[in-house]
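For reference, the structure discussed in these notes is given below.
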Number of protein chains: 2
Amino acid sequence: MSRSTLEQWRMFRAVVEHGGFAQAAEAIHKSQSSINHAVHKLQDQLDLKLLEVVGRKAQLTAAGELMLRRAGQLIDQAEQLETIAESLAQGEEAQLRVAIDEVYPQHCLAEALEQLSTEFPYTRVELVETVLSGGAERLFKGDVDLLVAGDVPQGFLGEALMDVEFIAVAHPAHALHSLGRTLNLQDLAAERQIVVRDSATGRRIDSGWLGAEQRWTVSHVATSITMISRGMGFAWLPITRIRDELTEGRLRELALERGSRRQVSLFLTYADSDKAGPATCRLGELLIEQARSDLSFD
Amino acid sequence: MSRSTLEQWRMFRAVVEHGGFAQAAEAIHKSQSSINHAVHKLQDQLDLKLLEVVGRKAQLTAAGELMLRRAGQLIDQAEQLETIAESLAQGEEAQLRVAIDEVYPQHCLAEALEQLSTEFPYTRVELVETVLSGGAERLFKGDVDLLVAGDVPQGFLGEALMDVEFIAVAHPAHALHSLGRTLNLQDLAAERQIVVRDSATGRRIDSGWLGAEQRWTVSHVATSITMISRGMGFAWLPITRIRDELTEGRLRELALERGSRRQVSLFLTYADSDKAGPATCRLGELLIEQARSDLSFD
DNA sequence: CCTATTTGTCGAAATATTCGAACGTTATCA
DNA sequence: TGATAACGTTCGAATATTTCGACAAATAGG
């Protein structure tokens, strides 16, 4: 195998781009003979004529033209590699791990991540969607750099992000809607409630009223929404996640005597706000920004 | 800018892949200290720790992991570059220029080119679709390596490829079809004929009978087919190109007293059969092969 | 505490790169 | 036709880089 060098390809390209060995030498700040030596050595190694001298100018051969295009890609990629290294050297994170409660509005998350990816194209983000204490657990274990959850874990300093309203809903055709009156707890207790499992402990969420006789437990808010939309029960769901279902009539708010709506606050917590890199900080900013601008509908 | 070397990246990868400086040295056939020196120099240049020594083993850092993936691509691309060079050095053509008469069945051409591209993925083919003497002219000028046309140019040695039948057709609703009898030359002379211009001279095709009063001249067979299919006249068209139109009823053969069908032979000619590279030869074979197997329908 | 294994360091030798200067060829212009 | 300028090529010497072997330092496992 021939083991050609990036530098050789660079010189080869320079010769073609600047139209000659002399001009290339000028542009690259090397002597003509260096360029000459390198390119000829490259040709010898490959056993392939890349350039041919016609008159007193060097011209690409057909093979040279083909190789140049490929070599160009190679050189570009190499330079890109060093650019990435530079970013990383300046402290940008290679990867960024975030745990986000499923209650956080997904379009806000998407917006924030998209913006992040334009500013930090090389940091790869690992997203963990959690429910309740699941995120806190990962923060304790040092598995994530950033957490968005319903509370701030012990010993950490969190920042209030937004309030998410939960409302009790069921499918419009559900029995609870056909009673024609405001509902009390006994009415609810007769129907099936669908609750979301805590992603850490695997236990049911026991905060708030849970007096229903029948109860199904699912792992994801999305699953719950799907089930309720199909008339399989009722639940308190985050308004941020069921906007479409409400407007399109797949879900309707239950008329409860009280407790129809509940407020839950989301907090942003850094695993280590001192050592957080620029991408981590930026994502924190973006998540806050998005949360603020999301107040438009609720 | 840091100007890292392919060799440095190769060594870095080797260390990771073989699980240590020592093992890498073994695998790469270099001394440990060379590897050590190169990798450390790379890290110094990038100002970025790629490996960290925990205990007595070298482990990838997060940044190192990211860089390794990119570097792997770089190395692979470099090796591919040299593979291509090797192919080229062994005589494979960087580009292959072919002139093919539009009469040659397009699906045969497509098949042949597809097969060629799997066997010679790096030769780029330049296709010129010609009509009559257009291809010959390009052969004389040395513009193409291979020619498929209706005759073999003076001084070249061609090989018979296939016979293509031209039939006189018009749209089913065309006046010529409503006469209800076999047609004679006077009938045709009263209608508009659509002929294809020679792509070299720019003159009309004057071979065969051309007694029509009205005459339109177009540059491509495809244009002619489109026009005839819309009832704009009649023409002799290669049966290989109008199979669909005939079966789907957009074209119907004219009932002529005589001369309704004409045979044209296609020949394959090499610009220089001695100096023809492997890809050129192979394409020739494929074109013949395809022509042979295409006899199924006519 | 000792040993085997592995990474890190140092100086010397081998190798590769770079440069300037001289040389040969080719195009341009008078 | 001949002078001249623009190039590519060649050569030897200076310089930089890579490689190696030997040894030091660190560490896991007995």
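Hydrogens, waters and symmetry mates are skipped; everything else that's a heavy atom, side chains included, is used. First the proteins, then the strands, lettered A, B, ... as listed; each starts at 1.
Near DNA chain C, defined here as any heavy-atom distance below 4.0 Å, there are no residues from residues 57-66 of chain A. The stretch residues 28-44 of chain B comes close to DNA chain C through B/Q32, B/S33, B/N36, B/H40, each having a heavy atom under 4.0 Å from the strand.
Checking side-chain atoms of A/E93 against main-chain N and O of A/A279 turns up a donor-acceptor pair under 3.5 Å. Between the side chain of B/Q32 and the backbone N or O of B/A25, no donor-acceptor pair lies under 3.5 Å. No donor-acceptor pair under 3.5 Å is formed between the side chain of A/Q59 and the backbone N or O of A/V54. With B/S31 contributing its side chain and B/S34 its backbone, the two residues share a donor-acceptor pair below 3.5 Å. Looking only at distances, no side-chain donor or acceptor of B/E126 sits under 3.5 Å from a matching main-chain atom of B/Q95.
Looking at A/L139, A/D272, A/V125, A/T280 one by one, the single match for side-chain contact (heavy atoms from CB on, under 4.5 Å) with A/D145 turns out to be A/T280.
Considering only heavy atoms from C-beta on, B/L109 comes within 4.5 Å of B/L287 through its side chain. Residues B/R282 and B/E92 form no side-chain contact, since every pair of their non-hydrogen atoms from C-beta on lies 4.5 Å or further apart.
Classification of A/R3 and B/E79 as a salt-bridged pair holds, one side-chain N sitting under 4.0 Å from a carboxylate O.
Annotation: A/E26, atom CD; neighbour count of heavy atoms from other residues, nucleotides and ligands within 6.0 Å does not exceed 12.
Residue contacts for B/E26: at a heavy-atom cut-off of 4.0 Å it reaches no nucleic acid atom on any strand shown.
For DNA chain C, the contact window with chain A, defined by any atom under 4.0 Å from a protein heavy atom, covers C/dA16 to C/dA27 in 5' to 3' order.
Remark on DNA chain C: of its neighbouring residues A/E7 and B/G55, the 5'-side contact belongs to B/G55, judged by nearest-heavy-atom nucleotide.
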